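Just so you know, these numbers come straight off a predicted model, no measurement behind them. Just so it is clear: chains get the letters A, B, ... in the order the sequence lines come, proteins before strands, and each one is counted from 1.
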Protein chains: 2
Amino acid sequence: MVVYAGQGDARRSMALLWRGERPDERPAPGPKPELSVDLIVDTAVAVADEHGMAALSMRAVAERLGRSAMSLYTYVASKNELIDLMYDHAFAELADAVEGETERPWRTAATAWAEHLWRFSLRHPWTLQVSHARPVLGPHEYRVFEALALVLDRAGLGPSDVRNAFGSLFNLVRGLVRTSAEARQALAATGTAEDEWWHARSAQLEEVAPDFDTRFPTLAAMAEGGAFANDDEDQPYLEQEAWQTLRFGMGALLDGIERRLTATTDGQPR
Amino acid sequence: MVVYAGQGDARRSMALLWRGERPDERPAPGPKPELSVDLIVDTAVAVADEHGMAALSMRAVAERLGRSAMSLYTYVASKNELIDLMYDHAFAELADAVEGETERPWRTAATAWAEHLWRFSLRHPWTLQVSHARPVLGPHEYRVFEALALVLDRAGLGPSDVRNAFGSLFNLVRGLVRTSAEARQALAATGTAEDEWWHARSAQLEEVAPDFDTRFPTLAAMAEGGAFANDDEDQPYLEQEAWQTLRFGMGALLDGIERRLTATTDGQPR
DNA sequence: CAAGTCTCCTTATGCCGTAAACTAGCGTTC
DNA sequence: GAACGCTAGTTTACGGCATAAGGAGACTTG
């Protein structure tokens, strides 16, 4: 499921996203509301955290609140709008974490940013399924973006390169953590552990492609060379691999960015 | 929608994926089949290409073939298995493109690989929604992996670093092209063009957050500095941005990889 | 021709988002 | 204090989804 933000009434959604210190409390006629937008959003986040985006339904959220599904529509225009609100609500957590790190040296700060994003994405894997094609444009997402942009700006990159470096870092992390998150979700969704699954599949692979090693010599040699070895039996292999790849990729990417930095400032990074 | 591969009967799925030069044509009793796995897979790919993964339903595929949805289950165990087959079938196209480029100098070859993956992903955006947590393990996916692994191996990286460099490159491209693909899908799904959408949203943003520039000074300064300018009015902004970010990110990442190369081989890359 | 097997169909179950119409609670205004 | 009109929440219903179950007819093999 991929979700596009902001299809509903822009005025309404944006007002909800940026609400906050609204006093706005003149009592309305009609029965006292028993729910609230915040309560619904919290509950929806809990459902999505526990059972994944696929299990997030209006009925599921309502059931937790002891209401009918339709009652949610009093507070929220559609499921899409609810997801926008969930997204930005969750990002507040990441923003708090990330804003504390901007004062460090830029490479340290950028790495910390990436690792916060990593852990956040594993805590809230459903956020990875909210499309960036129509960004949510909520305040907390902006806080997270501002934090990394600030770090890269201070490092001495120009506006366009801040944007480019930002996008590269963000997508590298997002892509890799997705694999890690999906590994966990796949376990939860299918009930089959990774090694168990791999065991069954690789047996079949051998049977069906006995000439694998000659058809794919480099991959075979890599396997032989221990590239896909499981160092730590306690942790699923895919999560290890993704994390190691992140360390490598972040290192290499930051090196490349640093080179551009010294190149444009004549060897004098500020 | 995120799809996990390989939940069905491993034997059955793997046999279908790696079938190919099967003669295996002793006539069976019962009525002549009017469909075939290949026909169904082709049709399903066409549906997904045209209308996206969300519109891919057993009913939609069957309707194109003038059959009932249930008739497909004679050939394919489940929708998940069908997606596995679609995925590897599509990858054949990428494999053909990518295998022709391995002989070039490693940086050129790696860049070409990335760009083939980019264009392929835009032609078949639904492939971006197939999870890698439980890889499909089809022959054509392996061909694509082998091609880049070969290039990186020849460049002089060790097995683990081939894996790390591979994962970094692959996820950088996949993450960025996803934005590009989703921009197109969002247009098709919502009917609202990007600039139109942005126009409405940014007006609301100004209204609801008049203090934006002081709250997010770096982002505001970047906008001021032209970091988010649309160079080419004919192309949607997000696609331009994603492509430029890819150029930057690939360059930086390959620089970083090259540094590791010369470091480990004492300045003598093979 | 009979038996066995295979393709394809219809029907049904239990999910989903949400439209529509309704009931009942409550502040406001005469 | 009665009437009005807004509002929170309900029930019911529609059209979508994957797929389980079972049945009708077509075809090959004995």
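Atom C1' of nucleotide dC16(C) and atom CD of Glu63(A) are separated by 14 Å, given to the nearest angstrom. For Lys79(A) and dC16(C), the NZ to P distance is 9 Å, given to the nearest whole Å. The distance from atom OH of Tyr75(B) to atom P of dC6(C) is 13 Å, rounded to the nearest whole Å. In this entry the distance linking OH of Tyr73(A) with P of dA19(C) reads 7 Å, nearest Å. Atoms CD (Glu81(B)) and C1' (dA18(D)) sit 15 Å apart, rounded to a whole Å. Remark: C1' of dG17(C) and CE of Met70(A) are 9 Å apart, rounded to the nearest angstrom. Atoms CG (Leu35(A)) and C1' (dA8(D)) sit 9 Å apart, rounded to a whole Å. A straight line from CG of Leu56(A) to P of dC16(C) spans 10 Å, rounded to a whole angstrom.
Close placement of the Trp113(B) and Phe166(B) rings is indicated, their centers lying within 6.0 Å of each other. In this structure, Phe212(B) has its ring center under 6.0 Å from that of Tyr142(A).
Taking the nucleotide of DNA chain D with the nearest heavy atom to each of Lys32(B) and Ser68(A), the more 5' of the two is matched to Ser68(A). Residue-to-nucleotide proximity on DNA chain D shows that, of Arg59(A) and Leu72(A), the 5′-proximal contact is made by Leu72(A).
A donor-acceptor pair is defined here as one N or O able to donate and one able to accept, closer than 3.5 Å; no such pair exists between the side chain of Glu99(B) and the backbone of Val144(B). Checked by atom type and distance alone, the side chain of Arg64(B) never pairs as donor or acceptor with a backbone atom of Thr43(B) at under 3.5 Å. For Ser121(A) (side chain) and Leu117(A) (main-chain N/O), a donor-acceptor pair under 3.5 Å exists by modelled atom type. Looking at Ser202(B), its side chain never comes within 3.5 Å of a backbone N or O of Leu205(B) through a donor-acceptor pair.
Checked against dG9(D), dC9(C), dT12(D), the side chain of Arg67(B) finds its nearest nucleotide in dC9(C). The Met58(A) side chain lies nearest to dG17(C) when the options are dG9(D), dG17(C), dC17(D).
For Ser71(A) and dA8(D), the shortest distance from a side-chain N or O to OP1 or OP2 is not below 4.0 Å.
Residues from residues 36-51 of chain A with heavy atoms under 4.0 angstrom of DNA chain C: there are none.
The minimum heavy-atom distance linking Glu207(A) with Pro210(A) is given by the pair O-CD, 3.8 Å.
Among the protein residues, Ser57(B) comes within range of the sugar-phosphate backbone only, with heavy atoms under 4.0 Å from sugar or phosphate atoms but none that close to a base.
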